[in-house]
Amino acid sequence: MKDSNEFFVIKALEDGVNVIGLTRGSDTRFHHSEKLDKGEVMIAQFTDHTSAVKVRGKAVIQTSHGEITNESEMSL
Ligand code: TRP
């Protein structure tokens, strides 16, 4: 995206956290799944190819909108 170069940060708080990228445009589908183990950090952007991100598993997610910690799959 030419109008944004912001990054977001995802830090895994357990093993096996999945960071899933969804495609931009009329066809919304998964295009990438990245598995993070506890303590691993992923730094990424929204791009021409990626308009949404789904995070499965317990992680801290920092964006320009703030920080959120989601729950483990186990506790749902
Ligand atoms: N090739 C992808 C892209 O340029 C890489 C990527 C960027 C990505 N941001 C992401 C993958 C977020 C997963 C989640 O769009």
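Everything numeric in this text was worked out from a predicted model, so none of it was measured.
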**OP:** Each residue besides Val41 in its hydrophobic cluster should be listed here, by chain and number; the cluster joins Ile, Leu, Val, Met, Phe, Trp and Tyr at side-chain heavy-atom distances under 4.5 Å.
**Re:**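 Listed partners: Phe7, Val9, Ile43.
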Original post:
What residues join Leu22 in its hydrophobic cluster, counting side-chain heavy atom gaps under 4.5 Å, either direct or through other members?
Top reply: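 Joined to Leu22, directly or through intermediates: Ile20, Phe30.
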Original post:
Hey, does Val55 have a side-chain heavy atom less than 4.5 Å from the side chain of Ile61?
Top reply: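 With C-beta onward as the side chain, the pair touches.
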Subject >> Asn5 side chain reached by Gln45 side chain, heavy atoms, under 4.5 Å >> reply: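 Yes, their side chains come closer than 4.5 Å.
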**OP:** State, to 0.1 Å, how close Leu36 and Met42 come at their nearest heavy-atom pair, and which atoms those are.
**Re:**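 Heavy atoms of Leu36 and Met42 come nearest at CD1-CB, 3.9 Å.
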Original post:
What closest approach, in Å, do Glu14 and Ser72 show between heavy atoms, and which atom pair accounts for it?
Top reply: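 For Glu14 and Ser72, the tightest heavy-atom pair comes out as OE1-OG, 3.0 Å.
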**OP:** Report the distance from atom CD1 of Ile10 to atom CD1 of Ile68, rounding to the nearest 0.5 Å.
**Re:**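 Reported to 0.5 Å precision, the distance equals 12.0 Å.
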Original post:
Considering residues at least two apart in sequence or located in another chain, which fulfil the side chain to side chain contact (heavy atoms under 4.5 Å, CB included) criterion with His31?
Top reply: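 Once residues adjacent in sequence are excluded, the partners of His31 under the side chain to side chain contact (heavy atoms under 4.5 Å, CB included) criterion are Thr23, Arg29, Thr50.
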Subject >> Co-membership, hydrophobic cluster, residues Leu13 and Val17, 4.5 Å side-chain >> reply: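 They do not share one cluster, since no chain of ILVMFWY contacts under 4.5 Å joins Leu13 to Val17.
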Original post:
So, Asp37 side chain and Gly16 main chain: donor-acceptor pair closer than 3.5 Å or not?
Top reply: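 Yes; judged by distance alone, with no hydrogens or angles, the pair exists.
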Subject >> Side chain Asn70, main chain Val60, donor-acceptor under 3.5 Å >> reply: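 It does not hold such a pair.
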Subject >> Pairs involving residues 50-72, ordered by first then second residue, that meet ring-ring contact (aromatic ring centres under 6.0 Å, His included) (sequence neighbours left out) >> reply: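 Sorted result for residues 50-72: empty, none.
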**OP:** Kindly write out the residues that satisfy ring pair (Phe, Tyr, Trp, His ring centres under 6.0 Å) with Phe8, not counting sequence neighbours, or none if the list is empty.
**Re:**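 Here the qualifying residues are Phe46.
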Original post:
Pairs in or reaching into residues 53-63: which pass salt bridge (Lys or Arg N to Asp or Glu O under 4.0 Å), with residues at least two apart or in two chains?
Top reply: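 Sorted pair list: Arg56-Glu73.
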side-chain hydrogen bond (donor to acceptor under 3.5 Å, both in side chains) with [X]: which residues, sequence neighbours excluded?
X     : answer
His32 : Glu34
Glu40 : none
Asn18 : Ser33
Ser26 : none

